[in-house]
Protein chains: 2
Amino acid sequence: MTQTSFRSGCPINLGLEVFGDKWTLLVIRDIMFAGKRHFREFLASDEGISSNILADRLAMLVSAGILTRAEDPGHKLKAIYSLTQKGIDLLPIIAQISRWSRAYMPVDPALAATGEARDRAGPGAIEAQMEALRAIHLSGDA
Amino acid sequence: MTQTSFRSGCPINLGLEVFGDKWTLLVIRDIMFAGKRHFREFLASDEGISSNILADRLAMLVSAGILTRAEDPGHKLKAIYSLTQKGIDLLPIIAQISRWSRAYMPVDPALAATGEARDRAGPGAIEAQMEALRAIHLSGDA
DNA sequence: ACAAGTGATTGCTTTTTGCAAGCATAAGCG
DNA sequence: CGCTTATGCTTGCAAAAAGCAATCACTTGT
């Protein structure tokens with residue numbers, strides 16, 4: 001069966017079936033805002049993801065079409081992960097989560113700074129950041 | 001210890017620690033868009049949440065200050081769940097998830113209709129919907 | 001009195017996560 | 001060459017969470 005049998009066709013549910021867990025969006029955050037591209041970079045996140053979970057999530061994100069995996073030319077062991085447009089389009093979701101947490105959760109001021117700057121810069125800032133990510137990750141090299 | 005010891009102070013992470021699972025936002029969706037207020041209404045969702053998970057999530061959402069629980073006057077066994085402002089402010093996140101899924105996932109057209117209408121209505125539609133939820137859930141009765 | 005409805009709880013199996021260690025290969029360096 | 005380090009994972013096992021079906025104490029409605 002090539003049918004993946006979702007719990008329902010509701011848009012909210014379908015999104016949650018892809019990234020509705022405690023780790024997936026952190027990987028996306030790291031590649032988006034910290035510029036991480038390699039396994040061991042993701043592994044060194046503040047939250048301390050373990051390697052088996054990371055391997056699982058990276059494989060899932062690749063198979064979901066949110067990331068692509070390529071070999072580093074000239075360094076055969078290095079894998080380079082890149083965002084697809086589908087992945088870049090997760091940025092508005094992440095930006096909204098950031099806004100909500102900055103309003104209601106005890107965020108670290110240093111880590112909240114980039115989100116605050118984005119909000120201060122107005123609605124075009126997200127589009128600009130997505131365009132920047134497109135330039136880095138799409139159609140070409142890193 | 002009243003300190004809940006989060007994995008990190010990153011806004012994205014803090015949000016995920018609250019609603020980063022496959023069920024929590026579905027409960028919020030149901031109270032926001034389907035007008036559900038009672039345990040057995042949530043239980044009857046399309047995705048088939050089981051009662052122990054639902055009970056756990058409702059209690060967590062109440063203790064997180066996203067929902068409040070009140071007794072139905074005149075029906076002592078009935079509990080009424082209401083959104084707080086903190087809960088209503090999750091709407092922009094849910095709306096963005098909806099947008100992403102409608103772009104990339106095989107959504108049910110009927111279930112996608114409300115999100116499409118919201119997008120067509122422009123940026124003020126979310127604010128309007130939040131105001132409507134405020135009128136229903138805040139400072140007063142249902 | 002009785003059946004149906006209320007928000008859960010309990011017991012149990014299956015799945016997922018978390019953690020530490022290890023693995024096979026490849027670069028880097030003398 | 002021979003050693004250390006770096007690379008992206010994999011494995012084994014314990015703990016936590018999810019999933020499922022049955023049940024509970026109590027209330028309403030008839």
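All chains are named by letter (A, B, ...) in the order of the sequence lines, taking the proteins before the strands, and each is independently numbered beginning at 1. Side chains are part of it too, since the values below use all heavy atoms of this structure and drop only hydrogens, waters and symmetry mates.
The list of salt bridge (charged side-chain N to carboxylate O under 4.0 Å, His left out) pairs with a residue in residues 126-136 of chain A, not counting sequence neighbours, reads A/Glu131-A/Arg134. Identified under the salt bridge (charged side-chain N to carboxylate O under 4.0 Å, His left out) test for residues 102-117 of chain A, with sequence neighbours left out: A/Arg102-A/Asp119.
Of the possible donor and acceptor atoms, one in the side chain of B/Ser63 sits under 3.5 Å from a partner among the backbone N and O of B/Met60. Side-chain N or O atoms of A/Arg37 include one that pairs as donor or acceptor with a backbone N or O of A/Tyr81 at under 3.5 Å. Remark: side-chain polar atoms of B/Ser101 are paired, donor with acceptor, to backbone N or O of A/Pro11 under 3.5 angstrom. Looking at A/Trp100, its side chain never comes within 3.5 Å of a backbone N or O of B/Gly87 through a donor-acceptor pair. Judged purely by atom type and a 3.5 angstrom limit, A/Asp46 has no side-chain atom pairing as donor or acceptor with the backbone of B/Ser8.
Rounded to a whole Å, the CD atom of A/Glu71 is 11 Å from the P atom of D/dG8. One interatomic measurement links the two molecules: CG of B/Leu43 to C1' of C/dG7, which rounds to 10 Å at whole-angstrom precision. As rounded to whole Å, 12 Å separates atom P of D/dG19 from atom CG of B/Leu54. Rounded to whole Å, atom C1' of C/dT10 lies 14 Å from atom CG of B/Asp56. Nucleotide D/dA18 holds its P atom 9 Å from the CE atom of B/Met60, rounded to whole Å. Rounded to an integer number of Å, the gap from CD1 of A/Ile53 to P of C/dA21 is 18 Å. The distance from atom CD1 of A/Ile80 to atom P of D/dT7 is 12 Å, rounded to the nearest whole Å. Rounded to an integer number of Å, the gap from B/Lys78 NZ to C/dA4 C1' is 13 Å.
A close approach under 4.0 Å does occur between a side-chain nitrogen or oxygen of A/Arg57 and OP1 or OP2 of C/dT17. Close to D/dG8, at under 4.0 Å from its OP1 or OP2, lies no side-chain N or O of A/Arg37. The phosphate of D/dG8 (OP1 or OP2) has a side-chain N or O of A/His38 nearer than 4.0 angstrom.
Each of A/Arg69 and A/Arg7 was matched to the nucleotide of DNA chain D holding its nearest heavy atom; the match closer to the 5' end belongs to A/Arg69.
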Donor-acceptor pairs under 3.5 Å, side chain of residues 48-56 of chain B to any protein atom, not counting sequence neighbours: which ones?
{"unit_1": "B/Ser50", "atom_1": "OG", "unit_2": "B/Asn52", "atom_2": "OD1", "d": "3.2"}

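Across all strands, A/Tyr81 comes closer than 4.0 Å only to sugar-phosphate atoms, never to a base (heavy-atom distances).
Once rounded to the nearest 0.5 Å, the distance linking CD1 of B/Ile88 with CE of B/Met32 reads 7.0 Å. To the nearest 0.5 Å, the span separating CD1 on A/Ile31 from CD1 on A/Ile66 amounts to 11.0 Å.
Of all heavy-atom pairs spanning A/Leu83 and A/Leu67, the tightest one is CD2-CD2, 3.6 Å.
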Legend entry - Base versus backbone protein contacts along nucleotides 10-16 of chain D [heavy-atom cut-off under 4.0 Å; B, S, -]: BBB----
Inset, instruction - Could you encode protein contacts along nucleotides 25-30 of chain D as a string, one character per nucleotide from 5' to 3', using B for base contact, S for sugar-phosphate-only contact and - for no contact, with a heavy-atom cut-off of under 4.0 Å? - result: -BSS--
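Among the nucleotides D/dT7, D/dC20, C/dT6, the one closest to any side-chain atom of B/Arg40 is C/dT6.
Using a 4.0 Å cut-off on heavy atoms, none of the residues of residues 21-30 of chain B approach DNA chain C.
A/Asp30 is not listed as a side-chain neighbour of A/Glu41, based on a closest heavy-atom distance of 4.5 Å or more.
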